[in-house]
Amino acid sequence: MPFADGEHVRGASRRSRHARHAGRVANGVVCGSEETRDRSHDIDACREAALRLLDAAPRPSGALRSRLLDKGYASETVEDVIERLIRVQLVDDEAYAHSAVRHCAARMMGRRGAVMELVRKGVDRRLAQMVCDEAEADGVFSEAAWELGRRTARRTAGLDAAVRKRRFWSAGGRKGHNPEVLREVARELF
């Protein structure tokens, strides 16, 4: 808020902007419970909120559902909006899961780690396991374990062999790799 001489009060406009976004103030008027109730069943407002969320980043339906419910929309309204977004292919859980698995593999994660990450991001556990099974059959996680082994070998060059193996096993365990694959990589590289 500017003073008469043009100076701004530090943080004043920021506070009011955050209050509006938090739903506490709309056009300078404090929102009442009746107005909030009406908004919770407003399918257009819910759709706009969903589209804003999808504009920021792709999301699976589970994460989108959670965010919309957190914003105070009624569950029936949220379900209607998500079904519509799925029908028009703006939300595609399987495509999101495949993309997320590629991202996990680039971070050298194993199958178990990728499933946990997908579930954490709101993908259905069965779908996450199915997509990870496909990736495992294609050798994606095996290659990620080998890349993790090569990087660990480069970073620990010159250290004692036991220390090098321990660091590799620790990293592989944290990233959710299969112990059989880790054993094969460790036998070959260390």
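Bear in mind that the values here come from a model prediction, so they are computed numbers and not experimental data.
- In this structure a side-chain-to-backbone donor-acceptor pair under 3.5 Å is missing from Asp93 to Pro60.
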Q: Could you walk me through whether Leu118 and Leu127 pass the side-chain contact (heavy atoms from CB on, under 4.5 Å) test, one step at a time?
A: CA-CA 9 Å; Leu118 288 173; Leu127 177 61; over 6 Å; no
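- A donor-acceptor pair under 3.5 Å links the side-chain atoms of Thr156 to the main chain of Thr152, judged by distance alone.
- A single hydrophobic cluster is seen to contain both Ile43 and Val91, as judged by linkage of ILVMFWY side chains at heavy-atom distances under 4.5 Å, directly or through other members.
- A side-chain donor-acceptor contact under 3.5 Å links His177 to the backbone of Met108.
- With hydrogens and angles ignored, the 3.5 Å screen pairs a side-chain donor or acceptor of Asp42 with a backbone N or O of Asp44.
- Considering all non-hydrogen atoms of both residues, Glu184 and Trp146 come closest at OE2-CZ2, 3.7 Å.
- The pair Arg47-Asp80 does not count as a salt bridge, with every side-chain nitrogen at least 4.0 angstrom from each carboxylate oxygen.
- For Arg126, the CZ atom counts as loosely surrounded, since its 6.0 Å shell holds 12 or fewer non-hydrogen atoms of other residues, nucleotides or ligands.
- Residue Arg183 qualifies as enclosed at atom CZ: its count of foreign heavy atoms under 6.0 Å is above 12.
- Remark: of the listed residues Leu64, Val78, Thr77, Val78 is the sole one forming a side-chain contact (heavy atoms from CB on, under 4.5 Å) with Leu69.
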Q) Would Arg111 and Gln129 satisfy side-chain contact (heavy atoms from CB on, under 4.5 Å), going step by step from the backbone distance to the final call? A) CA-CA 9 Å; Arg111 183 190 182 285; Gln129 289 173 339; 4.0 Å; yes
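- The environment of NZ in Lys121 is crowded: more than 12 heavy-atom neighbours from other residues, nucleotides or ligands sit within 6.0 Å.
- Around the CZ atom of Arg150, the shell of radius 6.0 Å holds more than 12 heavy atoms that belong to other residues, nucleotides or ligands.
- With hydrogens and angles ignored, the 3.5 Å screen pairs no side-chain donor or acceptor of Lys71 with any backbone N or O of Ala50.
- A salt bridge links Glu117 with Arg120: the closest approach of a Lys/Arg side-chain nitrogen to an acidic carboxylate oxygen falls below 4.0 angstrom.
- In this structure, Ala45 and Tyr73 approach most closely via the heavy-atom pair O-OH, 3.3 Å.
- Within the 4.5 Å cutoff, no side-chain heavy atoms of Met109 are placed close to those of Phe141.
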Q | side-chain contact (heavy atoms from CB on, under 4.5 Å) between Leu159 and Arg167, worked out | A | CA-CA 11 Å; Leu159 296 177; Arg167 290 190 182 173; 3.3 Å; yes
Q: For Leu51 and Leu85, run side-chain contact (heavy atoms from CB on, under 4.5 Å): C-alpha distance rounded to whole Å, both residues' side-chain angles, the deciding distance at 0.1 Å, then the answer.
A: CA-CA 9 Å; Leu51 291 173; Leu85 292 173; 3.9 Å; yes
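- The two atoms that bring Asn178 and Glu180 nearest to each other are OD1-N, 3.0 Å, heavy atoms only.
- For Ser170 (side chain) and Arg166 (main-chain N/O), a donor-acceptor pair under 3.5 Å exists by modelled atom type.
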